[in-house]
Chemist: 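Right, I'll just put the structure down here and ask away after.
Letters A, B, ... are given to chains in the order of the sequence lines, protein chains preceding strands, and every chain is numbered from 1.
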Amino acid sequence: MLEARELTKTYSSVPAVGNVTFTLGPGQVLGCLGPNGSGKSTTVKMLTGLLEPTRGSVLFAGQDIREDLVSYRKCLGYVPEEANLYPYLSGYEYLELVGLLRGMPPLRIKKRAEALLELFSLYPSRHGGMSSYSKGMRQRILLISALIDDPKILILDEPLSGLDVTSALILKNLIKALGQKERAVFYCSHVLEVVEQVCSHLLILRKGEVIAHDATHVIQSDRSSLESRFMDLVEAGDTEKIARDIICAMGEA
Amino acid sequence: MIFPFATLEAKWKSHSQRPFLQLIKLFIDRAFHGSGDSESEELDFGTGLVLSLLALPGAFYSILLFDKYGSFLQWMHGDKHFDVLSIALSDEYFLIVLSMVVTGVAVVWRCDSIFPDRRDYANLVPLPISTRTIFFANLTAIFLVAGLLALDVNLVSAFLFPFVATASQETALFFLHFAMVHAAVVVLSSLFSFFAVFGVVGLLMSILPYRMFRQVSLYLRGLLIAYLVGVLCTSFAVPSLVGHLPKSPVRFLPSVWFLGLCQMLRGRASPALAILGNLGLMSLICLVGCALVAYAVSYRRCFNRIPENLDLIASNERPIARRIFASLDRIVLRTPVQRAGYRFVLKTLFRSERHSLVLGGFVGLGVVLASQFLFAAFSGQEMSVNAGSPAILSIPLILSYCVIVGLRFAFAIPVELRSNWIFKLLLDRSKPECIPLARKVLLTFVIPCVIAGIVPFHRYLGGWTRAALHAWVVIAWGILLSDILLVRFRKIPFTCSYPPFRESAIMLVVCYFLGFFAYVVLTSQFESWALLNPLRMLLMIPPTLGIWYGLSHARTGMVEVDKEVIFEEKPTRGFEVLDLQV
């Protein structure tokens, strides 16, 4: 369904992402992992078409997304890393804006928005200005706006950020259910436990390059947890020693 | 032996690093650069240009006076004993009003940046600084900003006006006395205006619940701007009424109190003016005290309770609004992007304080100018006599000009640029939807008002033909003005960073003035002449078609890439490539 072919992005000749290649089929939930600065956000922006790759391409159903970006985005739901929303609109008005921009009929927007607001426990505050929303409420609005048009592909960048325990559990189950519903989900996160639970496949990036891409159980291999395998792969160093060094540095003059 | 300056410098260096002074610097910077955390979201001209723009009106007016006082000199050739103080009275009054208006508008505009807000709370309270230190630092910064504004607004005129007005006098002492009195009075009037606006806002902040204050604040600031613009526009009439004191109602105007103070310091005040002069001085002292108390109470109530307060809540969409939007969807808004954009623009425009203030300012200016034309048209005459006069015909043109220009100006003020990702993601950039959307917003503000206002009014005054012709002219001119202002427009309103105002601010003001002259003055005079014989109206068609053809030619001549939707954000560069290799 979605294929990234040798995606490369350089900023003023400094490489941010190099030769990232992977495929994401229907029903797959692909978890994208990597330390800070590994190129996850740049990859996500190229997948959504917000950023043009320096080299390489993103193919959707075999066609380069640049050839018909509008049709591609019609099939795409996206939750960005930060919940930046217009403060002068209410939650419902924002969903209406997204629905209209997606070309949905007003009646369908109303029905879907109200149903999803109810399910995400936002119905009572749907007419409140989003400037008064908590971080979790804003995150839930973003999730609804990504789901409102029932997209074939979902790109979620840190979707659990700010969510309470219940909402996080709902989302985890929702991602699994979306996978079963033959939707393709690209899931970026730092929370390894969640990735381990919900993702069928993993893509691990380090310094802009793919260092592992396979089914989750294959990458985990004989290790007891994804965390220890991840630490090996990204060569994070001795984290306990770094913690001790920080304590020492705090005590110095 | 140690050089004393080096010691002083070292002392100042260590002193200036103290938290209190750093806080003062932070608050002063905020007053000029705004409080937005997004780099391009605030209209940031830079301190230098802001100060220059604030000093410009007084300087400009003083320069215009060269001609007036020069003519006097020619006329009074050989006579050195004419009374400069009497002649300069009206200009003195205008400069007092101007300094009050410029200062007042600046405070209304920057009010949010002067008071500490949620961001200050989040950044400063976790630091090991007491809230009392934050309070005193903010208070000191407010006083410094007040002083700086008062000096800056009057800096050029305080020198130029006395120089121009006393050029015919032989003694330097006369010039010095005149200049000192003038400078003292305009600076005090500026301070009065600053603390009056500041005090009123502070008072409401301290007595109203936070949410109600946020709702009232917008209307209050709109009223303050309308009052200030009104005082400015009527200032030419006031000096002639000063002679009727103490019975004249102008005794209630603070600007007249400061005129009284000026005359008192020059030893030229009548008893009534002297009383008003003393009143001005006393009221300034009281006002500073009251503003301080109001500020202290509001600080205690609002700043310390920021975590408990929520921002303004958007209201539920009313059924009538839903019906209006549905009708517009059927008749005017053809595409989903236009429907989405129209709702976004209207809701943001009326809920964002900054945008409402800008639009309110332009509409207020339009109302004041229109009312002056209306008074001029009807003064002492029967309605029907002046019905076709340029003054009457110009009223809808003035209002439509101010609304269209105000909206176009407001479109350039961004809202939460970081939230633009949704438009970037879902908008087809190659489809030219921006101009139709913006034009529809502009015209839905103007055309219904023209039809509802002009047609019945002119039907009553001069019959159906006149009403229809006049409405046609205003609508046609409104469409053309919208198209001219949107000729290179390729953004969704409020979603772009500011255009480079710094380079073009003065040119823009000059263009607006010239545009007003062509749109209002020339058109209304032509129309007045043409309405005597309606066939003459046909003469309007060639220039209208000419402008329309020119605009469409300019648009079709644009290359495709220049028609694409832009967001004009300057990316913040995380790193810099130095390219040091040879």
Chemist: Show the nearest heavy-atom pair for residues B:R351 and A:S90, with the distance to one decimal.
Modeler: NH1-N, 4.1 Å

Chemist: Among B:L426, B:L427, B:L425, B:I422, which has the most heavy-atom pairs under 4.5 Å with chain A?
Modeler: B:L425

Chemist: So for atom NZ, which belongs to A:K45, do other residues, nucleotides or ligands contribute more than 12 heavy atoms lying within a distance under 6.0 Å?
Modeler: no

Chemist: With a 4.5 angstrom heavy-atom cut-off, is it the side chain or the backbone of A:Y92 that approaches chain B, or both, or neither?
Modeler: neither

Chemist: For B:R334, I'd like to know if atom CZ has over 12 heavy atoms of other residues, nucleotides or ligands within 6.0 Å.
Modeler: no

Chemist: Is any side-chain N of the basic residue among A:E93 and B:R343 closer than 4.0 Å to the acidic one's carboxylate O?
Modeler: no

Chemist: Charged N to carboxylate O under 4.0 angstrom, A:E82 versus B:R418?
Modeler: no

Chemist: CZ of B:R322 to NZ of A:K110: how many Å apart, nearest 0.5 Å?
Modeler: 6.5 Å

Chemist: If only atom types and distance count, is the side chain of B:W421 paired as donor or acceptor with the main-chain N or O of A:N84 below 3.5 Å?
Modeler: yes

Chemist: From B:S419 OG over to A:Y86 OH, what is the distance, rounded to the nearest 0.5 angstrom?
Modeler: 5.5 Å

Chemist: Just to verify, which of A:V70, A:L101, A:L69 counts as forming a side chain to side chain contact (heavy atoms under 4.5 Å, CB included) with B:D428?
Modeler: A:V70

Chemist: Using heavy-atom distances under 4.5 Å, tell me whether A:I109 contacts chain B through its side chain, its backbone, both, or neither.
Modeler: neither

Chemist: Only pairs of heavy atoms separated by less than 4.5 Å count here; which of A:G103, A:A83, A:S125, A:P80 has the most with chain B?
Modeler: A:P80

Chemist: Whether A:E96 and B:R339 form a salt bridge (side-chain N of Lys/Arg under 4.0 Å from carboxylate O of Asp/Glu) is what I want to check.
Modeler: no

Chemist: Is atom NZ of A:K74 surrounded by more than 12 heavy atoms (other residues, nucleotides or ligands) closer than 6.0 Å?
Modeler: yes

Chemist: Kindly compute the distance separating CG (A:L100) from CD (B:Q338), expressed to the nearest 0.5 Å.
Modeler: 12.0 Å

